[in-house]
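Notes follow once the structure below has been shown.
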Amino acid sequence: MPAKSDNVIHKLVVGGDTAIAEIVERAHTSDDVTTMVAAALFAPVPGDLLQRAAALAATTRDRQVVAIAVAHVAGDADRVDALARDHLVDHPDSVLVAWISANTHPNRHTRKDPS
């Protein structure tokens, strides 16, 4: 993943609302698939960004990232799990997919009260 995309992901994950809004806005004119997908996860209406990302995805890696994000936005946790698991075997450095997967089940690691 290019350093530019890593920077975008970092800003989205740790940035405040202003940083997120700026990146979502910039993504509408970007031609970077990772940037569009990452921004779509925070956009009020992610469909346009995901459609553009799918149209521009030229590699298997990019197409997989788009498919995982689409499943996440649709709330299809089982599909996210299956696709992310396969993707991360081939691309263990895919921070965005790891983040999507972890945020598909935000309470998975929360300990439940047995009572």
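The analysis underlying the following values was restricted to heavy atoms, covering all of them including side chains, and did not include hydrogens, waters or symmetry mates. Counting begins at 1 with the first residue of the sequence.
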Value rounded to 0.5 Å, distance of [atom1] in [X] from [atom2] in [Y]:
{"X": "Arg79", "Y": "Ile68", "atom1": "CZ", "atom2": "CD1", "value": "9.5 Å"}
{"X": "Ser101", "Y": "Leu88", "atom1": "OG", "atom2": "CG", "value": "7.0 Å"}
{"X": "Leu96", "Y": "Leu41", "atom1": "CG", "atom2": "CG", "value": "6.0 Å"}
{"X": "Ile23", "Y": "Phe42", "atom1": "CD1", "atom2": "CZ", "value": "9.0 Å"}
{"X": "Thr104", "Y": "Asp76", "atom1": "OG1", "atom2": "CG", "value": "9.5 Å"}

remark   = Applying salt bridge (charged side-chain N to carboxylate O under 4.0 Å, His left out) to Glu22 and not counting sequence neighbours gives Arg26
inquiry  = I'd like to know whether Arg61 forms a salt bridge (Lys or Arg N to Asp or Glu O under 4.0 Å) with Asp93, so could you lay out the CA-CA distance, the side-chain angles of the two residues, the decisive distance to 0.1 Å, and finally the verdict.
reply    = CA-CA 12 Å; Arg61 180 183 181 139; Asp93 63 333; 3.3 Å; yes
Can you find a pair of side-chain heavy atoms, one from [X] and one from [Y], that are under 4.5 Å apart?
{"X": "Gln64", "Y": "Ser94", "result": "no"}
{"X": "Met36", "Y": "Leu50", "result": "no"}
{"X": "Val80", "Y": "Ile100", "result": "yes"}
{"X": "Val66", "Y": "Arg63", "result": "no"}

Compare every heavy atom of [Y] with every heavy atom of [X], then report the nearest pair and how far apart it is.
{"X": "Val24", "Y": "Ala43", "answer": "CG1-CB, 3.9 Å"}
{"X": "Val73", "Y": "Pro46", "answer": "CG1-CG, 3.6 Å"}
{"X": "Leu56", "Y": "Ser30", "answer": "CD1-O, 4.5 Å"}
{"X": "Asp62", "Y": "Thr59", "answer": "N-OG1, 3.0 Å"}
{"X": "Val37", "Y": "Ala69", "answer": "CG1-CB, 3.5 Å"}

note = Applied to residues 57-87, the ring pair (Phe, Tyr, Trp, His ring centres under 6.0 Å) test, sequence neighbours excluded, yields His87-His91
